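Inspection log for the structure reproduced underneath, given as structure tokens.
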Amino acid sequence: MRTGAVLTVGGSDSSCGAGIQADLKTFAALGVECACVITAVTAQSVRGVRGISEIPATFVRSQLEAVMEDHEIEYAKTGMLYSANIVNIVSDVFEENNVKFVLDPVMRAGTGDTLLNQDALDTMIKRLLPISSVVTPNVHEAEAISGVKIETIEEAREAAVKIAELGARTIIIKGGHLRPQTDSEIAADIIYDAEKDEFETIKSRFIRKEHVHRTHGAGCTFSAALTAALARGYALKEAAMLAKNFVSDAIKFGDVFENVVIVNQTASILRRAYRHAVIETMKDAVEQLRQMEAFRMLIPEVGSNLGMASEDAHNEYDVAAIDGRITHTKNGFRIGNIEFGASSHVARAILTMMQFNRAIKSAINVKYSPEIVEICERLFVVASFEREKEPEGAKTMEWGVRSAVLKALKEHGTVPDVIFDRGAVGKEPIIRIFGRDAVEVVEKVGRILESVKCNESFFSFEKAH
Ligand code: PXL
């Protein structure tokens with residue numbers, strides 16, 4: 001039994017932004033099983049291609065045969081094919097096995113370096129174009145294939161018709177390079193269905209980034225996402241829309257390096273997954289907290305807040321917390337809704353802690369009393385800071401948490417579970433309990449409350465308040 005998979009045939013990009021690496025990251029992000037066949041290995045940095053080592057065409061065939069032994073190819077894509085020999089081998093194998101595929105007619109890297117020899121282009125047009133399901137040239141590639149100079153959307157359509165005359169069934173001309181010509185804020189991808197003689201246009205906003213001249217990996221990412229969507233059973237227009245959204249996110253989340261956006265295929269999907277996981281964990285933690293009636297005793301005047309940061313957190317908006325905090329009611333306490341960006345204090349305490357141990361992503365603030373500190377000291381690693389020593393202009397959470405963590409690291413070799421301060425004029429003293437996630441933090445609260453129950457002196461404290 002062979003398993004289904006999508007296949008990419010292309011070159012290795014040592015910078016990992018484009019090529020086979022971009023394809024595999026895209027396939028992984030979209031959750032499709034995959035296989036890959038390497039045609040050439042490039043040595044490249046963001047500045048350019050230093051060298052290319054071609055894989056012998058016979059070995060490209062071996063790779064294709066090995067892949068087909070295990071996998072039913074649901075859909076394939078081709079990227080950098082480099083030589084006419086390789087184009088011929090890929091054409092032979094795809095023909096023999098009736099492989100449906102997206103032809104991404106990669107010719108040059110963004111730096112201008114050649115990734116397809118001239119005779120290979122001729123062979124690609126002659127042999128691969130007519131058996132492809134979709135061909136996805138950018139403006140430059142469409143010009144090279146069709147011979148039509150493209151400066152307007154009308155000229156892009158004219159080129160698409162020419163490419164169809166060469167045998168292509170469906171042509172998607174990507175509009176990403178058209179802006180300098182059209183000076184428009186809209187990027188339009190043109191889809192031409194040759195059989196129906198119909199055009200569609202997918203419009204989207206250009207993504208603006210400061211000081212950016214170009215992107216690296218966008219073309220490969222688009223064709224890989226398109227291939228995955230087609231394999232999954234999307235109709236062509238919807239597959240193209242998915243691919244377009246996917247590549248837009250990959251550009252938005254890409255890092256800028258030397259004025260080039262290195263697209264990031266996984267950040268957007270991971271961000272959503274991380275945030276979803278945080279909300280689920282927060283819900284569990286809140287449910288557990290609700291069961292702890294005695295938690296009422298631990299709510300400070302300012303209210304309590306429970307927060308948890310997302311794995312990829314950069315700022316307070318990446319930390320979920322309780323909107324409106326946890327506050328006293330007549331007979332118990334009330335917990336607001338869970339929302340990202342709902343806390344400033346607890347969020348900043350967590351973000352500061354994460355600078356020392358990225359795994360500690362959650363905290364709650366509770367009422368200070370010497371008795372609770374004593375219980376914490378029996379159960380956990382505890383550190384403190386003194387507001388009186390805070391330097392002028394410092395932010396309390398950042399400075400306080402930082403100095404307490406540094407003390408704990410020095411004394412215990414680990415970040416603390418608990419950080420307290422005794423307050424100052426107009427500032428309520430607070431205890432903060434940290435943990436890897438919100439459930440662990442609430443479990444720590446539970447352990448404190450268990451100890452409180454066994455602690456006579458605390459009951460007198462409770463009565464007194
Ligand atoms: O983006 C086209 C491309 C395809 N394949 C490889 C590449 C590039 C661009 O740099 O390096 C291997």
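Each ligand, and each atom within it, is numbered from 1 in the order the structure gives. Small disclaimer: the values here were computed from a predicted structure and weren't measured. Counting begins at 1 with the first residue of the sequence.
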Quick one: which ligand 1 atoms are inside 4.0 Å of a heavy atom on V106?
2 (C), 3 (C), 4 (C)
Between D13, T111, D113, which is the residue that forms a side-chain hydrogen bond (donor to acceptor under 3.5 Å, both in side chains) with Q44?
D13
Can you pull out the closest protein heavy atom to atom 1 (O) of ligand 1? Residue, atom name and distance to 0.1 Å, please.
C220 SG, 3.3 Å
Run the side-chain hydrogen bond (donor to acceptor under 3.5 Å, both in side chains) check on S344 and R348 step by step: do they pass?
CA-CA 6 Å; S344 172; R348 282 183 290 124; 3.3 Å; yes
Quick check on contacts: which atoms of ligand 1 are under 4.0 angstrom from a heavy atom of L115?
3 (C), 7 (C), 8 (C), 9 (C)
Among R271, R436, K361, find the residue that satisfies the salt bridge (charged side-chain N to carboxylate O under 4.0 Å, His left out) test when tested with E311.
K361
Heavy-atom neighbours of K407 NZ exceed 12 at 6.0 Å:
yes
Give me the residue, atom name and distance of the protein heavy atom closest to atom 12 (C) of ligand 1.
G11 O, 3.3 Å
Using a strict cut-off of 4.0 Å, indicate which atoms of ligand 1 neighbour a heavy atom of M80.
5 (N), 12 (C)
Salt bridge present between R290 and E287 (N-O < 4.0 angstrom)
yes
Report the nearest protein non-hydrogen atom to atom 5 (N) of ligand 1: residue, atom name, distance rounded to 0.1 Å.
G19 CA, 3.5 Å
Q44 heavy atoms, cut-off 4.0 Å: which ligand 1 atoms fall inside?
7 (C), 10 (O), 11 (O)
For ligand 1, which atoms sit closer than 4.0 Å to a heavy atom of A109?
9 (C), 10 (O)
Just wondering, do K444 and F434 contact through their side chains at under 4.5 Å, heavy atoms?
no
